[in-house]
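As the structure lists them, so they are numbered: ligands from 1, and atoms in each ligand from 1.
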Amino acid sequence: MARKPIIAGNWKMNNTIAETKALIEDLKPLVKDAKCDVVICTPYTDLATAVELTKGSNIKVGAENVHWAEKGAFTGEISAKMLVELGVEYVIIGHSERRQYFGETDATVNARTKAALQAGLKPIICVGETLEQREKNRTKSVVRKQINGAFDGIDADELKNIVVAYEPVWAIGTGKTATSEQAEETIKNIRSMVAKLYGRKLANKLRIQYGGSMNPKNVSELMAQPNIDGGLIGGASLKAVDFSQVVNY
Ligand code: 13P
């Protein structure tokens, strides 16, 4: 099954416009021969700069969130149309930090996903269990609930525009990577959950990333797993050399 790998950086709340310029200029030559899709997801304030500086390169730009409404009285929020107008292509939805600190639920993830797709953005939908959930052997049921919630009411023909990122919460920013076996096991389960919803054929085409302390040292082993199609990279995406080494794994 030929799924093109996709490595995306999630900058989180990092990088001013000046820092964005420097990082992208450093990054461009280092990733120009990448065999995978390369994406950088930046804070809203950096998006216009990122789109401008990556024009003509193989780097795509994504946002880190999007609101579900087309427009209206939602102080501080950003709509899908606003992102599309900027030239943004991807958007991270349901990151665990948003679930943890900003009240994100499976229902809001679903609403954001629908709005993103409707506007022509490609959602990167994040799922993953906490340490406590893993220790109670609830990983599979937690992730199943997140997947079923995220995909509720989404048409099968939209699947080609969606990427899923499995990010165990306990592996994010902790330096504690899931073993390649742990990551592969859950990602394989996610593919089966999607197969239950849309059939095996479409599920086999869906790209599913691993995220959580992925770095130049562990990327090859993770990417060697049959169901892992890429990575969502936090810390290591903030340094051009590190991110390029992940991209060129
Ligand atoms: P780290 O790579 O810093 O662990 O972050 C992973 C992540 O949350 C990407 O979305």
Side-chain angles (χ1 to χ4, degrees), residues 5-15 19 23 27 31 36-44 46-47 50 59-66 88-102 104 108-109 112-113 116 121-131 133-134 139 142-143 146-147 150 162-180 182-184 186-187 190 207-223 225 228-249:
I6 174 166
I7 305 275
N10 174 10
W11 287 8
K12 310 191 179 184
M13 196 173 73
N14 292 289
N15 292 329
E19 289 163 341
L23 179 48
L27 193 59
V31 301
C36 59
D37 285 339
V38 182
V39 183
I40 52 172
C41 298
T42 83
Y44 292 131
D46 296 329
L47 287 170
I59 304 173
K60 316 275 193 205
V61 175
E64 299 176 13
N65 193 19
V66 63
V88 169
E89 193 174 328
Y90 288 87
V91 60
I92 296 172
I93 294 176
H95 191 277
S96 67
E97 285 147 20
R98 297 218 59 89
R99 294 179 190 260
Q100 230 177 320
Y101 308 131
F102 302 103
E104 191 82 66
T108 56
V109 168
R112 292 183 207 281
T113 301
L121 292 168
K122 295 174 182 154
I124 300 175
I125 300 172
C126 302
V127 298
E129 81 289 0
T130 62
L131 185 58
Q133 290 164 336
R134 174 164 284 266
T139 298
V142 165
V143 170
Q146 292 171 333
I147 288 289
I162 296 176
V163 175
V164 169
Y166 167 57
E167 301 205 301
V169 177
W170 47 272
I172 294 176
T174 56
K176 216 172 166 186
T177 326
T179 64
S180 49
Q182 286 172 321
E184 168 65 15
T186 301
I187 289 179
I190 291 172
R207 295 190 290 181
I208 309 179
Q209 300 172 315
Y210 167 77
S213 301
M214 201 164 175
N215 60 44
K217 288 205 183 78
N218 57 32
V219 58
S220 298
E221 197 190 324
L222 287 159
M223 290 303 293
Q225 302 300 314
I228 302 182
D229 307 317
L232 188 54
I233 321 297
S237 74
L238 299 174
K239 292 192 182 126
V241 170
D242 287 4
F243 188 57
S244 71
Q245 285 175 355
V246 174
V247 163
N248 300 317
Y249 65 90

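- Comparing Lys12, Gln209, Met214 against atom 5 (O) of ligand 1, the shortest heavy-atom distance belongs to Lys12.
- In terms of N/O distances under 3.5 Å, ligand 1 is not approached by Ala236.
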Salt bridge (charged side-chain N to carboxylate O under 4.0 Å, His left out) assessment of Glu64 paired with Lys12: CA-CA 7 Å; Glu64 299 176 13; Lys12 310 191 179 184; over 6 Å; no

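- Closest non-hydrogen pair, Pro168 versus Ala178, comes out as CG-CB, 4.2 Å.
- In this structure, Gly211 does not count as a contact residue of ligand 1, since none of its heavy atoms falls inside 4.0 Å of the ligand.
- Without hydrogens or angle criteria, Gln133 side chain to Thr130 main chain gives a donor-acceptor distance under 3.5 Å.
- Looking at Gln209, its side chain does come within 3.5 Å of a backbone N or O of Gly231 through a donor-acceptor pair.
- Among the atoms of Gly173, some N or O lies under 3.5 angstrom from an N or O of ligand 1.
- Residue contacts with ligand 1: Ser96 is excluded, as none of its non-hydrogen atoms falls under 4.0 Å.
- Between His95 and ligand 1, at least one N/O pair is under 3.5 Å apart.
- Heavy-atom proximity to Gly235, at under 4.0 Å, picks out these atoms of ligand 1: 1 (P), 2 (O), 3 (O).
- Each of the following atoms of ligand 1 lies closer than 4.0 Å to a heavy atom of Gly212: 4 (O), 6 (C).
- Those atoms of ligand 1 that come under 4.0 Å of a heavy atom in Ala171, given as number and element, are 4 (O).
- Residues Cys41 and Ala63 come closest through the heavy atom pair CB-O, 3.8 Å.
- Taking a cut-off of under 4.0 Å to the non-hydrogen atoms of Leu232, the atoms of ligand 1 that pass are 9 (C), 10 (O).
- At the shortest separation from atom 2 (O) of ligand 1 among protein heavy atoms lies Gly234 N, 2.9 Å.
- The two residues Gly62 and Leu47 have their closest heavy-atom pair at O-CD2, 3.3 Å.
- Near Glu167, meaning under 4.0 Å from any of its heavy atoms, are these atoms of ligand 1: 6 (C), 7 (C), 8 (O), 9 (C), 10 (O).
- Each of the atoms 1 (P), 2 (O), 4 (O) of ligand 1 lies under 4.0 Å from some heavy atom of Ser213.
- Ile172 approaches Ser96 most closely through the heavy-atom pair CD1-OG, 3.2 Å.
- In plain terms, the two heavy atoms of Asp242 and Ala236 that are nearest each other are CB-O, 3.5 Å.
- In plain terms, the two heavy atoms of Tyr90 and Val163 that are nearest each other are CE2-CG2, 4.5 Å.
- In terms of polar-atom proximity, Glu97 is not counted as a contact of ligand 1, lacking any N or O under 3.5 Å from an N or O of the ligand.
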